[in-house]
*Asks:* 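This is the structure I have questions about; it appears just below.
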Protein chains: 2
Amino acid sequence: MHSVKGHHESTTLEIAHHARVSTATVSRALNRVPNVDPQLAERVWKTVDELGYYPNTQARFLVSGRSRVLGLIVSEMVNPFFPEVVQSFEDIAVQHDYEILLSSTVHDPKRWELAVRRMIERRVEGVALLTFAEEDSLTEKLHSRKISLVSLDDAPSARSGRKIQVDYQNGIREAVQHLAALGHVRIAFVAGPSHLKSSQERKAAFERSMKEVGLEISSDLIVVGDHSLEGGIRALPPLMSLVDPATAVMCSNDMTAIGVMRQAYDSGIEVPRELSIVGFDGIRLTQFMTPPLTTVQIPQVELAKLAFTALREQIEFEHKDDSEYVIPTQLVVRRSTATVLKSEHKRQLKSS
Amino acid sequence: MHSVKGHHESTTLEIAHHARVSTATVSRALNRVPNVDPQLAERVWKTVDELGYYPNTQARFLVSGRSRVLGLIVSEMVNPFFPEVVQSFEDIAVQHDYEILLSSTVHDPKRWELAVRRMIERRVEGVALLTFAEEDSLTEKLHSRKISLVSLDDAPSARSGRKIQVDYQNGIREAVQHLAALGHVRIAFVAGPSHLKSSQERKAAFERSMKEVGLEISSDLIVVGDHSLEGGIRALPPLMSLVDPATAVMCSNDMTAIGVMRQAYDSGIEVPRELSIVGFDGIRLTQFMTPPLTTVQIPQVELAKLAFTALREQIEFEHKDDSEYVIPTQLVVRRSTATVLKSEHKRQLKSS
DNA sequence: CTGTTAGCGCTTTCAA
DNA sequence: TTGAAAGCGCTAACAG
């Protein structure tokens with residue numbers, strides 16, 4: 001039975017008294033150091049149980065110099081890409097006895113600075129930067145304090161720390177091939193903000209993939225959005241009012257795709273019969289749309305695990321080699337894509 | 001200029017030497033204790049800046065006995081209700097110089113126990129329990145250690161700590177009145193798991209509201225779901241195959257509503273023309289649906305703020321009165337609800 | 001107003 | 001194998 005009356009925090013000293021041993025022995029027993037008399041250890045554990053003792057990590061880590069806390073900086077929790085990442089990161093961190101210090105930057109330099117300060121003051125042992133745009137001077141600050149770093153390779157010029165590279169090409173190629181196989185020729189692309197490296201790469205991957213399947217990329221089929229719902233909404237009309245309109249649209253991220261879907265709905269365009277839509281990111285809510293969205297998935301759980309592992313390797317094994325990690329992407333076909341509508345049908349539709 | 005070369009952690013002692021004062025004075029200056037010679041304080045701050053000193057919170061809080069860490073336990077990050085709550089809670093906590101220790105329980109007793117242990121070991125000063133079902137014995141454990149608690153008043157028998165009550169009635173009343181005003185009479189309700197107090201209250205509020213507007217609640221219009229997408233999918237068919245089918249359905253939560261919407265889509269039932277749908281919770285993604293979902297909003301930001309404030313009052317002002325906090329709910333009309341289809345039209349539809 | 005000193009709770013030499 | 005004692009970085013008496 002655990003005693004619940006331990007209203008005041010018990011300490012190693014107290015345990016030591018009750019168990020008639022020294023604090024050193026208590027410490028050894030607690031940490032399962034070999035060569036401790038089993039009898040004594042037993043007494044210690046019994047007392048620990050009776051008194052409801054929990055070690056004080058503040059004290060423990062003051063002396064050991066290791067906080068066992070990892071910083072996790074994300075852009076914003078409310079961006080649906082991140083909750084799964086945070087959850088998974090927490091899961092695995094806790095399994096390995098680390099705590100996480102979560103910070104959302106909300107794209108605000110002030111918040112950024114605050115986040116870095118918090119991380120340093122709490123003496124985190126490493127920081128995972130899972131954001132889409134980072135502040136170089138601040139990561140430099142972390143790096144200069146010998147704090148291990150991992151980040152998505154999305155920042156334009158970040159140099160310090162390990163990088164995780166997203167393999168945009170593969171998933172996007174699959175998506176383009178999928179659309180081509182469905183007979184689509186007029187495939188549009190709604191790009192993201194051009195200052196983000198990840199946007200550029202997605203667009204480049206699209207163009208490359210189109211070439212590979214021998215499809216033409218006419219510039220009127222490329223429009224630039226901003227990775228938001230509104231961006232998607234605005235993107236569609238110009239694409240549909242072309243003399244030869246798009247029959248499918250690929251989007252640089254899921255929110256854009258959702259915007260496109262909304263605009264299609266509001267314009268009476270039926271998805272997927274008259275228009276196929278493909279998203280990118282694989283956020284959870286794409287499953288919930290009507291119809292569920294075909295998208296290119298970045299495996300968030302894998303990403304989180306990889307980030308953690310990379311950090312842990314640096315911290316515990318002082319791995320210093322600069323190999324980049326790469327995370328694959330994959331097409332998930334759902335119900336927002338379908339065979340292209342044959343021209344005769346289209347004409348019928350128009351005249352009706 | 002901040003020096004970046006401070007590769008080894010500087011300490012108050014070091015600052016003291018450089019500034020030619022004692023560590024006590026360093027501490028005083030840093031904490032802006034009054035009655036410190038401005039000259040000395042100036043020297044201290046300058047040195048702090050030069051050496052890139054950041055206080056070690058572990059040490060600071062070891063002596064002060066205050067960790068300035070708050071536990072935040074949620075059911076699961078991937079439940080779309082929580083990210084906003086977490087984000088807001090973090091925001092306000094950080095503003096007040098608290099750190100948060102996040103834990104998702106994932107409805108797993110093991111995780112629950114682990115969460116509580118983590119909280120105790122890190123010596124959190126308070127815990128916000130923002131979950132839909134809690135483990136009584138564990139909150140008791142926290143309580144017995146004099147850790148401040150706030151929780152949603154959803155657990156069946158939780159006694160310890162402050163409670164936050166959700167005013168289900170108001171929002172649901174608004175929703176029912178909204179539907180009634182649109183001419184709906186056959187209003188169905190998809191309930192949540194019956195063991196959750198929050199489910200029971202939502203259902204009771206629905207029934208009360210129906211009576212208020214003088215509408216009949218026939219038992220074939222009440223079905224029980226499980227707060228999941230699948231539950232919503234399964235709930236709809238029986239409601240539509242009635243001799244006098246539902247024209248509107250209220251759901252105990254948003255995921256259920258989304259499931260209903262999906263099933264309507266798959267059955268060729270047009271929303272909102274042939275069927276109105278109302279959700280509950282006001283999770284973000286309801287805005288993104290096609291059509292955007294009418295729902296009863298629990299103000300997540302307010303909820304998080306309230307939880308934080310309640311905790312802070314207990315911690316810093318030792319407020320001990322047991323007044324319950326109540327959080328209002330409100331109908332948000334979007335586009336999944338519309339005037340009931342007149343009977344003649346329905347007949348036309350059927351015969352066509 | 002400032003410095004000296006004694007801890008906070010724990011781990012870790014170093015002797016015994 | 002165990003205990004005594006020092007010390008992690010900081011704050012808070014207590015003298016001066």
*Asks:* Tell me the interatomic distance from B:F61, atom CZ, to D:dT11, atom P, rounded to whole angstroms.
*Replies:* 9 Å
*Asks:* Can you name the closest pair of heavy atoms from B:L149 and B:L311 and give their distance?
*Replies:* C-CD1, 3.8 Å
*Asks:* Measure across A:M119 and A:S103 and return the closest heavy-atom pair with its distance rounded to 0.1 Å.
*Replies:* CE-CB, 3.8 Å
*Asks:* Using whole Å, report how far CG of B:L51 lies from P of D:dG9.
*Replies:* 14 Å
*Asks:* Is there, by distance only and without an angle test, a donor paired with an acceptor across the side chain of A:R28 and the base of D:dG3 below 3.5 Å?
*Replies:* yes
*Asks:* Have a look at A:V26 and say if it touches a base, only the backbone sugar-phosphate, or nothing, with a 4.0 Å heavy-atom cut-off.
*Replies:* nothing
*Asks:* Using a cut-off of strictly less than 4.0 Å, decide whether B:N56 has a side-chain nitrogen or oxygen near OP1 or OP2 of D:dC10.
*Replies:* no
*Asks:* Please check if the side chain of B:R66 supplies one atom and the backbone of B:E125 the other of a donor-acceptor pair under 3.5 Å.
*Replies:* no
*Asks:* Atom NE2 of B:H17 and atom C1' of D:dC10: how far apart are they, to the nearest Å?
*Replies:* 15 Å
*Asks:* Given atom CG of B:L13 and atom P of D:dT11, what is their separation to the nearest angstrom?
*Replies:* 13 Å
*Asks:* Answer yes or no: is there a side-chain heavy-atom contact under 4.5 Å between A:V166 and A:L303?
*Replies:* no
*Asks:* Considering heavy-atom distances to DNA chain D, does A:L62 or B:N31 have its closest nucleotide positioned more toward the 5' end?
*Replies:* A:L62
*Asks:* Looking at D:dC10, C:dG3, C:dC10, which one has an atom nearest to any side-chain atom of B:A24?
*Replies:* C:dG3
*Asks:* Work out how much the helix from C:dC1-D:dG16 to C:dA16-D:dT1 bends between its end axes, five pairs an end, to the nearest 10 degrees.
*Replies:* 40°
*Asks:* Output yes when at least one side-chain N/O atom of A:T12 is less than 4.0 Å from OP1 or OP2 of C:dG9, else no.
*Replies:* no
*Asks:* From the options D:dT2, D:dC10, C:dG9, select the nucleotide whose nearest atom is closest to the side chain of A:T25.
*Replies:* D:dT2
*Asks:* Just say parallel, tilted or perpendicular for the rings of B:F308 and B:Y98, cut-offs at 30° and 60°.
*Replies:* perpendicular
*Asks:* Distance check: side-chain N/O of A:Y53 vs OP1/OP2 of C:dC10, anything under 4.0 Å?
*Replies:* yes
*Asks:* Does A:L40 reach a base, just sugar-phosphate, or nothing at all? Heavy atoms under 4.0 Å.
*Replies:* sugar-phosphate
*Asks:* Of the options C:dG7, D:dC8, D:dA4, whose atoms approach the side-chain atoms of A:S22 most closely?
*Replies:* D:dA4
*Asks:* Can you confirm whether more than 12 heavy atoms, excluding those of A:E113, are under 6.0 Å from its CD atom?
*Replies:* no
*Asks:* Could you tell me the separation between the CD atom of A:Q39 and the P atom of D:dT2, rounded to a whole number of Å?
*Replies:* 10 Å
*Asks:* Does anything in residues 9-51 of chain A form a ring-ring contact (aromatic ring centres under 6.0 Å, His included)? List the pairs, not counting sequence neighbours.
*Replies:* none
*Asks:* Are OP1 or OP2 of D:dT11 and a side-chain N or O of B:S27 less than 4.0 angstrom apart?
*Replies:* yes
*Asks:* Map A:T23 and B:A59 onto DNA chain C by nearest heavy atom, then report which one ends up closer to the 5' terminus.
*Replies:* B:A59
*Asks:* If only side-chain N and O atoms of A:R60 are considered, is one of them under 4.0 Å from the OP1 or OP2 phosphate oxygen of C:dG9?
*Replies:* no
*Asks:* For the side chain of A:D37, counting heavy atoms from C-beta on, which of C:dC10, D:dT1, C:dT2 is nearest?
*Replies:* D:dT1
*Asks:* Once you apply a heavy-atom cut-off of 4.0 Å, does B:S64 come out as touching a base, just sugar-phosphate, or nothing?
*Replies:* nothing
*Asks:* Rounding to an integer number of Å, can you tell me how far A:E42 CD sits from D:dT2 P?
*Replies:* 14 Å
*Asks:* Quick test of your reading of the model: are A:D37 and A:R28 salt-bridged, counting only N-O distances below 4.0 Å?
*Replies:* no
*Asks:* Could you check how far CD of A:E121 sits from C1' of D:dC10, rounded to whole Å?
*Replies:* 13 Å
*Asks:* Atom CG of B:L30 to atom C1' of D:dA12: distance rounded to whole Å?
*Replies:* 15 Å
